[in-house]
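Notes follow the structure.
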Amino acid sequence: MTASNQEKYEVVKTDTEWQSILTPEQYRVLRKHGTERAGTSPLDKEYGEGTYYCAGCGQALFTSDTKFNSGTGWPSFFQPIEGAIATSVDKSLFMTRVEVHCSRCGGHLGHVFNDGPQPTGLRYCMNGVSLKFEPR
Ligand code: FE
């Protein structure tokens with residue numbers, strides 16, 4: 001797949017273990033690099049204050065202060081919590097994109113693009129199924 005497979009993660013589980021703790025859709029996205037259908041995650045329209053955690057390992061990934069409405073149908077953020085995510089180059093689907101995954105378990109979260117709002121100019125386009133929101 002990608003360079004992310006060669007990294008060492010703090011949380012490592014077998015495929016069978018992941019399947020036992022994740023829903024089939026979480027497993028497909030987080031562990032098999034899937035993409036949820038746009039507009040299907042309730043977190044896309046969630047604008048309450050709180051923290052977004054990795055649905056795989058529970059690491060805090062984003063705070064609500066950095067969430068914005070991208071109009072894409074996927075939850076979008078302009079900045080992750082420091083150290084919470086890592087990236088790799090994704091050349092699938094005839095495009096070169098920057099893939100985003102959890103730095104603790106390697107779970108696939110989405111992609112990051114250069115057309116986001118200030119102050120970073122980045123758009124972290126996330127699968128809502130990869131996230132768990134906890135209101136503050
Ligand atoms: Fe994780």
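Note that the structure is predicted; figures quoted are calculated from it, not measured. Below, each value reflects all heavy atoms present in this structure, side chains not excepted, and no hydrogens, waters or symmetry copies. Read the numbers this way: they start at 1 and go in the same order the structure lists the ligands and their atoms.
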Q) Given the rule that I, L, V, M, F, W and Y join up when any side-chain heavy atoms are under 4.5 Å apart, are Y27 and V11 in one cluster? A) yes

Q) Which residues and atoms, protein N, O or S only, are under 2.8 Å from the Fe ion (ligand 1)? A) C54 SG, C57 SG, C102 SG, C105 SG

Q: Treat each ILVMFWY residue as a node, draw an edge where side-chain heavy atoms are under 4.5 Å apart, and state whether F77 and I85 are in one component.
A: yes

Q | Close side-chain approach of P75 and D44, heavy atoms under 4.5 Å | A | yes

Validation: residues 121-133 side-chain donor-acceptor distances under 3.5 Å, sequence neighbours left out:
residue : atom : partner : partner atom : Å
R123    : NE   : D115    : OD1          : 2.7
R123    : NH2  : D115    : OD1          : 3.3
R123    : NH2  : D115    : OD2          : 3.0
N127    : OD1  : E36     : N            : 2.8
N127    : ND2  : L109    : O            : 3.0
S130    : OG   : H108    : O            : 3.1

Q. Is there a path from Y9 to I81 through hydrophobic residues (I, L, V, M, F, W, Y) whose side chains come within less than 4.5 Å of each other?
A. no

Q: Output the distance between atom CG (D15) and atom OG (S20), rounded to the nearest 0.5 Å.
A: 11.0 Å

